[in-house]
Every structure is written in C-alpha cells, then in structure tokens.
Protein chains: 2
Amino acid sequence: MPSSKTTLKDLAAHLGLAHSTVSRALSNHDAISQDTKDRVRHAARQYGYVANSGARLLRTGHSQTVGLLVPDIVNEFYATIAKNLADDCSQRGHQLMLLVSDDDPQRELKLLQALLETRPAGVVVALTAVPRKETLSHLAGVRCIQFLRVHAKVQGLTVGADDAAAARMAIEHLLSLGHRAIGYVGVSEALSTGAARLRGYKETLEEAGVAPDPALIALIEPSVQGGARAAAQLMDRSPRPTALFLSSPQLALGGAQWLNAAKLRVPGDVSVISYGNSSWFDLWGSGLTAVSLPIQELAATASALLFRESGEELSGQTSVLLAPSLVKRGSTARMRA
Amino acid sequence: MPSSKTTLKDLAAHLGLAHSTVSRALSNHDAISQDTKDRVRHAARQYGYVANSGARLLRTGHSQTVGLLVPDIVNEFYATIAKNLADDCSQRGHQLMLLVSDDDPQRELKLLQALLETRPAGVVVALTAVPRKETLSHLAGVRCIQFLRVHAKVQGLTVGADDAAAARMAIEHLLSLGHRAIGYVGVSEALSTGAARLRGYKETLEEAGVAPDPALIALIEPSVQGGARAAAQLMDRSPRPTALFLSSPQLALGGAQWLNAAKLRVPGDVSVISYGNSSWFDLWGSGLTAVSLPIQELAATASALLFRESGEELSGQTSVLLAPSLVKRGSTARMRA
DNA sequence: TTGAAAGCGCTAACAG
DNA sequence: CTGTTAGCGCTTTCAA
C-alpha cells in the first residue's frame with residue numbers, strides 16, 4: 001500500500017532495522033552493506049516511500065533549493081536562464097524555485113522572504129530598478145548571482161552583457177550608413193541596463209560630433225505596448241528620425257508592430273536596429289538588424305557560477321560581461337540623400 | 001545583528017515570552033494582544049528573523065509549495081502558465097517550484113519525486129508522451145491539474161484546448177480556399193495533443209471527400225529544427241502540396257524559416273496556416289494565418305482550478321476544453337488555377 | 001557494519 | 001491572553 005505517509009521508521013520496522021540504518025542506506029552511505037542497501041531500496045520502492053524534505057532541512061540547516069528571481073518569465077531572456085538553471089539543478093539534484101516579481105519591489109521582497117525560509121543553496125536574481133532595502137539585506141545572506149541587471153549594492157558575482165558596448169555598436173552601424181537623426185527607444189535609467197544603453201547611445205553620437213537630441217529619446221516601461229507608444233511618439237515628430245534604435249526585444253516587437261500598422265517602409269522610410277535576440281528577428285520583412293546577445297552563454301555562465309565549488313573562489317565582487325555582436329539583416333540601409 | 005539563524009526561541013527569550021506566543025503573534029493568531037503582536041513583529045524585523053519552512057513542514061505535514069511540470073519553459077505556452085501560476089501563488093502566499101522535464105520521462109520522474117518531498121499543495125503538469133509508471137502513481141497522491149496535454153490514466157482536472165476542433169478549423173479554412181493537397185506538420189501521436197490534431201486533420205479531409213495522403217503527413221519532434229525539416233520534406237515532394245498546416249508555434253517557426261530560406265512565396269507558392277499564437281505571427285510577411293488558442297484564459301483557468309476551494313467540488317474527472325478561433329492573415333489565399 | 005539517542009525549529013493541544 | 005509541553009521525520013554523532 002504505497003503512501004507518501006510512510007516514514008523511515010515504518011521502513012525500519014518492516015525490515016527489522018534501525019531507522020538510522022535505513023537513512024544511511026537510502027543516502028548510499030559507505031558503511032552499509034550492499035545487501036542491506038538493496039533490501040532497503042526495495043522496501044522503499046514497494047511502500048512508495050518519499051522522504052520529508054522538511055525534516056531534512058530542519059536537521060541539516062540548509063536545502064537543495066535554488067531560487068530564480070526575474071521580473072518576467074515570458075520574456076525569452078529570463079525563460080532561457082530558467083531553462084539553463086533547471087537543467088543544472090536536475091543534474092545536481094537541486095530544486096528550482098521560481099520567483100516572478102513583475103517588477104514590483106514589494107512583491108519581490110515577499111518572494112525573497114519566502115525563498116529564504118527554505119534556506120536555499122543560492123539564488124540568481126534580476127532585481128527591480130529600486131528594490132526595498134530589506135531585499136538588499138536579505139540578499140547579503142545568500143549566495144547570489146546577479147543576472148543582466150546589476151545593483152552596485154548587492155555583493156556577489158554578476159553576469160551580464162556589455163550594454164554600453166552594445167548600444168555603441170548599434171549606433172556606430174547607423175552612423176556608418178549616414179544616419180544622424182537616430183531615435184532611441186529605451187527603458188528607465190534606474191535600471192542598470194537602461195542606463196548603460198542610453199550612455200552608449202549618447203557617447204557614441206557625441207564622439208561622432210552629433211549632439212544627442214532629447215526629443216529623439218523615448219524612455220518607457222519595457223513592454224510591447226511601451227515599444228509601440230515610443231515608436232509612435234518618435235516617428236510622429238517632424239522632421240522624422242531616419243533611424244531607430246529599439247533597445248530591447250520587447251520594445252522592438254512593439255515598435256515593429258507599430259511601424260507595420262503605420263505602413264512605414266523599413267528600411268525605406270526608416271532604418272531599424274534592435275538590441276537582443278528573438279526568433280522573429282529574421283522573419284520580419286527582410287530581417288531585423290540587431291545587436292545580438294550571447295544569451296545562451298550568459299545563462300549557462302550564470303548557472304555555472306552559482307554551482308561553482310567554493311574552492312574555485314573568485315574575488316568577492318566579480319563580474320562577467322559578455323560582448324554582443326552585430327547581426328546585419330535587411331532593416332538597416334544607407335540613408336537616402 | 002540580523003541573521004537568518006535567529007529562531008523563534010531566540011526572539012522569545014529576548015522578549016521574555018514563550019516561543020509559542022511568538023509563533024502565534026507572527027501568524028496573527030486571534031488570541032494574541034495587539035501590543036504583543038507589535039512587539040514581536042518589531043523584534044522579528046530587528047533581528048532579521050526568517051522562519052524555517054522545514055520545521056513548519058515537519059510539524060504541519062504539508063507545504064505551501066505548488067509545482068509546475070512542463071517540457072519546456074522557453075515555449076510561450078508554458079511560460080504563460082508559469083506567469084499565471086506565479087501571480088496566483090504570490091497572491092496567496094504559496095511558492096512555485098519549477099520542474100522542466102525537457103520531455104524526458106526519467107527526468108520527469110526525478111523532478112516529481114523531489115517535489116513530493118516538499119508535500120506540495122498541488123501541481124500543474126504537462127506530461128511527457130510516455131511517462132514512467134511511477135510518475136503516474138505519484139500523481140495519484142497529489143492535487144493535480146493537467147494542462148494542455150492529457151493522460152487518461154491521470155485523475156484530476158484537465159485544462160486544454162480543443163485540438164481536434166482546431167485542426168478541423170484550419171483544414172476547413174484551407175479547403176474553402178480550394179486547396180486539396182494539404183501538408184500536415186505535427187508531433188507524435190503519443191502526445192494527446194498530437195493525436196487530436198492529426199485526427200482533426202484526417203477527419204476533416206475525409207468528410208470533404210479528400211483521402212488523406214500519408215506522404216503529406218510529417219510527424220516530428222516539436223522543435224524549431226523539426227519544423228524546418230518537416231517543411232523541407234513535404235515541400236521537396238512533387239507535386240508539391242499547395243498548402244501547409246503547421247500544428248504548433250515551434251513547428252511554424254521552423255517552417256517559416258525554411259520557407260524563407262527556400263525563397264518560396266507565401267501565399268503565392270504555398271498557403272500556410274499555423275496552430276497557436278506567437279508574437280511574430282503578424283510580423284511574418286503579410287501575417288501568418290493561425291488557429292489561435294485562448295492561451296491566457298487557459299493558463300488562468302488552470303491556475304484557478306488548482307487553487308479552488310475544496311468546497312466547490314467538481315466531479316472527479318472534469319475537463320475544461322477551450323475553443324480556438326481562426327485569425328485570418330496574409331499567408332493563406334485561394335489556390336491558383 | 002549496525003544500533004541508540006539526541007535534537008534541529010516549529011505548531012498546536014491543553015492548561016491556566 | 002499566555003505558558004507548557006510534546007512531537008513531527010530526519011541526520012548524525014557516539015557506541016558497539
């Protein structure tokens with residue numbers, strides 16, 4: 001009669017063993033005879049024994065739980081890190097707790113508190129722009145990897161993309177095609193990613209002798225709707241920008257939808273370049289030129305760092321910054337005279 | 001000195017209270033004075049007290065953990081149910097454990113076993129095509145909602161789309177445009193979804209007096225690469241099919257990429273219709289016609305059912321089947337004479 | 001190679 | 001309204 005109510009003691013009683021012996025057999029302890037292990041495992045299977053992780057946690061003081069805190073799991077970036085973490089967890093016998101903050105600092109705090117109750121082995125986080133103070137202090141007590149978004153106040157390792165370099169790459173590409181009136185659609189500077197991209201945009205323009213025009217900069221929440229609204233705002237001006245840098249895949253999606261709806265021709269009426277990767281980038285028109293992130297590699301790196309042996313110490317505050325690359329497709333072209 | 005090593009007893013000692021009183025204060029028990037609650041909460045905050053969920057689980061016998069078992073979290077369907085579940089969990093003070101099977105039955109079993117160790121409140125699953133027997137028996141002991149994919153052997157509620165009706169809708173659309181040689185790209189019949197869609201395809205053709213041609217049916221693993229390969233296989237035949245039904249968004253992505261690469265014109269050379277929803281469907285060419293799922297509604301329903309009060313009993317084996325709808329875009333056209 | 005025993009931190013029944 | 005007490009199931013010494 002299989003039942004998850006069976007305990008170690010039940011098994012032990014059935015087998016005429018001490019429950020400590022059963023425990024050792026199940027955890028494959030050296031000092032247990034193969035015969036005993038076999039008998040125990042058979043009985044466990046027969047009874048449908050399922051260990052109680054609570055008892056283990058209580059005894060050992062820590063769990064095999066790993067947390068992943070992200071603003072949005074539908075976003076391909078975060079889904080990819082989730083996939084990688086899940087893979088590594090299942091290989092190593094860890095569990096993955098998913099915390100979705102929806103970019104709400106209060107919710108983020110609540111989720112993190114609940115995670116800490118499990119005494120997790122570690123956590124990978126992409127924090128909200130302005131986290132609660134308690135969130136930060138909670139994070140100080142855990143092994144923590146920051147993914148993409150980086151807060152200076154959080155210690156631990158950091159895995160991200162070189163966002164400033166990415167923006168620079170995008171703008172240099174547009175400049176090389178003769179564009180000067182380049183619109184920027186981005187997210188709040190409160191986000192490390194938003195700040196870095198905007199900085200890259202401005203600096204690159206300035207170095208080329210083009211003064212950044214505040215009217216060509218639209219900062220907005222990182223949603224599809226936001227992208228559409230920002231594109232509308234920029235393209236409805238006159239004179240129009242001749243090129244657009246959409247600084248995230250979400251924003252790019254909204255922008256692309258709006259451009260389609262507005263019947264603007266790309267790159268005829270406006271060149272468009274995006275940041276990031278999405279499956280649809282090579283499907284839209286003649287392809288959407290983009291500065292691509294090594295997203296898979298970023299995710300794999302974050303996961304590997306989380307699970308690294310404490311032997312291979314990296315200095316207290318280390319950051320891995322991966323370089324983006326330009327993928328030219330059909331949406332950018334030389335500016336018409 | 002905040003530290004998550006502080007226990008209830010520490011707090012109690014500091015406050016000169018019994019630890020049971022502290023416990024009650026923290027869980028907002030009725031029979032505790034407001035003053036005591038305030039003092040306790042203040043002290044807890046001050047000491048950075050974090051409860052030990054293991055001790056609670058050990059004592060109560062159940063956790064607030066909810067599991068989500070899916071084959072692939074990058075897939076938008078599953079990411080959406082994850083988002084919905086995460087939302088509801090955080091509202092109700094539950095935790096979300098993410099189990100990604102990668103469509104591997106053995107891994108699926110391992111993940112489920114680990115989940116059961118937490119004595120979860122429930123689980124939402126999209127099982128592999130042929131799960132291990134133990135997986136099924138484990139599921140019998142938990143509150144379980146099947147999402148999209150349905151196994152007859154698993155009891156509990158079921159939330160899915162009417163896949164047969166969806167395929168029928170797609171094929172009827174193509175038939176009405178004059179197509180007869182309609183290729184089908186789908187997944188294994190071992191999956192309930194794969195079987196239902198193929199059945200809808202065949203039956204609809206037969207009812208229209210068209211004998212399904214086995215050479216026009218490509219069953220393949222549900223990946224982007226699979227979609228590309230299947231499209232190639234079907235379109236390289238001669239005579240070519242004049243229309244293609246791509247029976248999942250993943251397959252559609254692969255198919256679209258292959259058609260682009262092969263420089264086939266859509267709908268000029270071939271009409272294409274897909275199943276499901278993806279952000280890029282209206283961005284590809286003049287738009288990809290699709291039979292759309294109420295994906296958000298499905299996810300919300302599954303989550304709501306999981307959290308339903310046991311009061312609102314639904315009969316033992318109930319299934320919610322939501323209807324798809326046809327979204328006409330530019331990729332389907334009347335067959336050329 | 002196995003057994004005996006202690007105790008992790010919490011909740012809840014019972015007592016006051 | 002608060003205190004006392006027992007015990008959840010497990011791991012891990014220490015003994016044998």
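Numbered from 1 within each chain, the chains take letters A, B, ... in sequence-line order. Because the structure is a prediction, the values reported are computed rather than measured.
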**Request:** Check whether any side-chain nitrogen or oxygen of B/Y49 sits under 4.0 Å from OP1 or OP2 of C/dG9, and answer yes or no.
**Result:**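 B/Y49 to C/dG9 OP1/OP2: no side-chain N or O under 4.0 Å.
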**Prompt:** B/R56 side chain N/O closer than 4.0 Å to the phosphate oxygens (OP1, OP2) of C/dT11?
**Reply:**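 Yes, such a contact exists.
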Provide, to the nearest angstrom, the distance between the [atom1] atom belonging to [X] and the [atom2] atom belonging to [N].
| X | N | atom1 | atom2 | answer |
| --- | --- | --- | --- | --- |
| A/H62 | D/dC10 | NE2 | P | 16 Å |
| B/R59 | D/dC10 | CZ | P | 16 Å |
| A/L58 | D/dG7 | CG | P | 16 Å |
| A/Q34 | C/dT1 | CD | P | 10 Å |
| B/L26 | C/dA12 | CG | P | 13 Å |
| B/L8 | D/dT4 | CG | P | 15 Å |

Could you list, one pair per line, each protein nitrogen or oxygen that sits under 3.5 Å from a nitrogen or oxygen of nucleotides 2-4 of chain C, together with the distance?
residue, atom, partner, partner atom, Å
C/dT2, OP1, A/S33, OG, 3.4
C/dT2, OP1, A/T36, OG1, 2.6
C/dT2, OP2, A/S33, N, 3.0
C/dT2, OP2, A/T36, OG1, 3.3
C/dG3, OP2, A/A18, N, 2.9
C/dG3, OP2, A/T21, OG1, 2.5
C/dG3, N7, A/R24, NH2, 2.7
C/dG3, O6, A/R24, NH1, 3.0
C/dG3, O6, A/R24, NH2, 3.1
C/dA4, N6, A/S20, OG, 3.2

**Request:** Return the set of residues passing ring pair (Phe, Tyr, Trp, His ring centres under 6.0 Å) with A/H94 (not counting sequence neighbours), or none when no residue passes.
**Result:**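 In terms of ring pair (Phe, Tyr, Trp, His ring centres under 6.0 Å), with neighbours along the sequence ignored, A/H94 is linked to A/F307.
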**Item:** ring pair (Phe, Tyr, Trp, His ring centres under 6.0 Å) involving A/H14 - partner list, sequence neighbours excluded
**Value:**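 Scan of A/H14 (ring pair (Phe, Tyr, Trp, His ring centres under 6.0 Å), adjacent residues dropped) gives A/Y47.
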**Request:** Check salt bridge (charged side-chain N to carboxylate O under 4.0 Å, His left out) between B/E76 and all other residues, then give those that pass, not counting sequence neighbours.
**Result:**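 Scan of B/E76 (salt bridge (charged side-chain N to carboxylate O under 4.0 Å, His left out), adjacent residues dropped) gives none.
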**Asked** Can you name the residues that form a salt bridge (charged side-chain N to carboxylate O under 4.0 Å, His left out) with A/R149, not counting sequence neighbours?
**Response**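 Here the qualifying residues are A/D103.
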**Request:** Considering only NZ, NE, NH1 and NH2 on the basic side and carboxylate oxygens on the acidic side, decide whether B/R92 and B/D87 come within less than 4.0 Å.
**Result:**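 Between B/D87 and B/R92 there is no salt bridge, as every charged N stays at least 4.0 Å from the carboxylate O atoms.
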**Asked** Can B/S33 and B/T36 be counted as having a side-chain donor-acceptor contact under 3.5 angstrom?
**Response**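 Yes, B/T36 and B/S33 have a side-chain donor paired with an acceptor closer than 3.5 Å.
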**Message:** When you compare the side chain of A/P120 with that of A/V66, does any pair of heavy atoms fall below 4.5 Å?
**Reply:**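 The answer is no, as the side chains (C-beta and beyond) never meet within the 4.5 Å cut-off.
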**Request:** Would you mind reading off the bend of the helix from C/dT1-D/dA16 to C/dG16-D/dC1 from its two end axes, five pairs each, to 10 degrees?
**Result:**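 The value is 30°.
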**Prompt:** Should we say atom NZ of B/K110 is surrounded by more than 12 heavy atoms from elsewhere, each under 6.0 Å from it?
**Reply:**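 Result for NZ/B/K110: open.
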